[in-house]
Amino acid sequence: MMVGATRPSKLLDGSSEFVLTYEDKDGDWMLVGDVPWGMFISSVRRLRIMRTSEANGLAPRSEERNGRQRTNPI
């Protein structure tokens with residue numbers, strides 16, 4: 001067994017049937033990784049693990065304003 005070895009989380013690399021989402025201070029649900037770390041830390045209220053099928057349609061605000069939606073969650 002390797003001590004201290006870490007593997008990337010499947011929640012963050014897109015290879016899981018689940019995605020990590022968060023609710024921001026405005027009450028919008030976003031995908032973790034869509035905004036820079038500093039913005040995330042200042043706006044996150046709570047985290048939620050969702051099925052990928054439930055998270056379809058979640059998009060960063062900049063894409064929502066432009067009328068585009070993410071097709072591949074992180």
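Since the structure is predicted, the reported quantities are computational estimates derived from the model, not experimental observations.
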Inset, instruction - For residues 41-51, pull every pair meeting side-chain hydrogen bond (donor to acceptor under 3.5 Å, both in side chains), keeping only residues two or more places apart or in separate chains. - result: E17-R51, E23-R46
Legend entry - Spatial distance of atom CE (M50) from atom OH (Y22) [nearest 0.5 Å]: 13.5 Å
Inset, instruction - Report yes if some heavy atom in the side chain of D34 is under 4.5 Å from a heavy atom in the side chain of V32; otherwise report no. - result: no
Legend entry - Least distance between heavy atoms, F18 atom then T52 atom: N-OG1, 3.6 Å
Legend entry - Atom pair CG/CG of L20 and L31 - distance to nearest 0.5 Å: 9.0 Å
